[in-house]
Engineer: 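Okay, here's the structure, questions in a sec.
This one's a predicted model, so the numbers in the text were calculated from it and none came from an experiment.
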Amino acid sequence: VQLQASGGGLEQAGGSLRLSCAASGRTSSIVVMGWFRQAPGQEREFVTAFRRRGGNTYYGDSVKGRFTISRDNAKNTVYLQMNNLKPEDTAVYYCAAGLRSDSGSYPFAVRSYDYWGQGTLVTVSS
């Protein structure tokens with residue numbers, strides 16, 4: 001599976017951005033897809049994910065009510081709509097795909113994901 005993330009950039013606090021993650025390859029084998037982010041000097045943080053079976057979605061506490069994950073199955077693309085951005089949202093955002101049978105059991109965990117995109121930088125100014 002190959003993942004190509006795009007859509008990052010510079011935005012002011014309170015603004016919005018939409019990230020995209022285009023998947024190719026063995027997309028039919030994907031169990032869970034997620035977004036993580038990593039700020040300088042910090043660990044990779046869970047942002048959101050959806051599990052293909054059941055369509056369940058999950059959000060990190062820091063983004064609930066502001067970020068929304070969605071998907072276009074025809075385009076094999078996952079989106080991250082980010083509203084009411086805050087300076088603390090500044091980070092490199094990564095999309096990821098898990099293909100193992102238990103990947104969907106722990107969508108919050110980095111270890112559940114087998115493939116990662118290259119990352120896209122989001123900078124929010126105050």
Engineer: Going only through I, L, V, M, F, W and Y residues with side-chain contacts under 4.5 Å, is there a path from F50 to Y106?
Structural biologist: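 No: no chain of side-chain contacts under 4.5 Å links F50 to Y106.
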
Engineer: Please say yes or no: joined through hydrophobic side-chain contacts below 4.5 Å, possibly via intermediate residues, are F36 and L121 part of one cluster?
Structural biologist: yes

Engineer: Taking atom CZ of R18 and atom CG of L80, what is their separation to the nearest 0.5 Å?
Structural biologist: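 Going from CZ on R18 over to CG on L80, the span is 10.5 Å.
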
Engineer: State plainly whether one hydrophobic cluster holds both Y58 and V47, where clusters connect Ile, Leu, Val, Met, Phe, Trp and Tyr through side-chain heavy atoms under 4.5 angstrom apart.
Structural biologist: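 No, it is not one cluster - the side chains of Y58 and V47 are not joined through contacts under 4.5 Å.
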
Engineer: Kindly give the heavy-atom pair with the smallest separation between P107 and Y113, and that separation in Å.
Structural biologist: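 Of all heavy-atom pairs spanning P107 and Y113, the closest is O-OH, 2.7 Å.
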
Engineer: Taking atom CZ of R111 and atom CG of D102, what is their separation to the nearest 0.5 Å?
Structural biologist: 8.5 Å

Engineer: Taking all non-hydrogen atoms of both residues into account, name the closest pair between F46 and G60 and its distance.
Structural biologist: CE2-N, 3.6 Å

Engineer: Using side-chain heavy atoms (C-beta onward) and a distance below 4.5 Å, is Y59 in contact with T68?
Structural biologist: yes

Engineer: Using the six-membered ring wherever Trp is involved, compare the ring planes of Y93 and F67 and label them parallel, tilted or perpendicular (cut-offs 30° and 60°).
Structural biologist: tilted

Engineer: How many angstroms lie between atom CZ of R26 and atom OG of S24, to the nearest 0.5 angstrom?
Structural biologist: 12.5 Å

Engineer: Short question: side chain of S126, backbone of P87 - any donor-acceptor pair under 3.5 Å?
Structural biologist: no

Engineer: Could you check whether any side-chain heavy atom of T90 comes within less than 4.5 Å of a side-chain heavy atom of V122, counting everything from C-beta outward?
Structural biologist: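 Sidechains of V122 and T90: no contact.
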
Engineer: Taking the side chain as every heavy atom from C-beta outward, state whether Y115 and Q2 have any pair of such atoms under 4.5 Å apart.
Structural biologist: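 When only atoms from C-beta onward are counted, Q2 and Y115 do not touch, as no gap falls below 4.5 Å.
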
Engineer: side-chain contact (heavy atoms from CB on, under 4.5 Å), that's the test. Do D114 and V1 meet it? Break it down for me.
Structural biologist: CA-CA 9 Å; D114 305 290; V1 173; over 6 Å; no

Engineer: What I'd like to find out is whether the side chain of Q81 reaches to under 4.5 Å of the side chain of S16, using heavy atoms alone.
Structural biologist: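 Yes, their side chains come closer than 4.5 Å.
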
Engineer: Are I69 and M82 in one and the same hydrophobic cluster, where Ile, Leu, Val, Met, Phe, Trp and Tyr link if side-chain heavy atoms are under 4.5 Å apart?
Structural biologist: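 Yes, it is one cluster - the side chains of I69 and M82 are joined through contacts under 4.5 Å.
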
Engineer: Please list all pairs passing the salt bridge (charged side-chain N to carboxylate O under 4.0 Å, His left out) test where one or both residues lie in residues 38-59, with sequence neighbours left out.
Structural biologist: R37-E45

Engineer: For S20 and Y79, indicate whether the former's side chain and the latter's backbone hold a donor-acceptor pair under 3.5 Å.
Structural biologist: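 Not confirmed, S20 side chain does not pair with Y79 backbone.
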
Engineer: Give a yes or no on this: more than 12 heavy atoms of other residues, nucleotides or ligands lie within 6.0 Å of atom CZ of R100.
Structural biologist: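 Atom CZ in R100 is crowded, with more than 12 foreign heavy atoms closer than 6.0 Å.
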
Engineer: Is a donor on one side and an acceptor on the other found under 3.5 Å between the side chain of Q118 and the backbone of Q4?
Structural biologist: no

Engineer: Rounded to the nearest 0.5 Å, how far does OG1 of T120 lie from CG of L17?
Structural biologist: 9.0 Å

Engineer: Mind listing the closest non-hydrogen atom pair of G119 and V92 along with its distance?
Structural biologist: CA-CG1, 3.8 Å

Engineer: Is a side-chain donor or acceptor of S103 paired with a backbone partner of S112 at a separation under 3.5 angstrom?
Structural biologist: yes

Engineer: Considering all heavy atoms of both residues, which atom of M33 and which atom of L3 are nearest to each other, and what is their separation?
Structural biologist: CE-CD2, 3.9 Å

Engineer: Honestly curious: do Y94 and L19 fall in one hydrophobic cluster under the side-chain, below-4.5 Å linking rule?
Structural biologist: no

Engineer: Decide, yes or no, whether a salt bridge links D89 with K86 under the criterion of side-chain N to carboxylate O below 4.0 Å.
Structural biologist: no

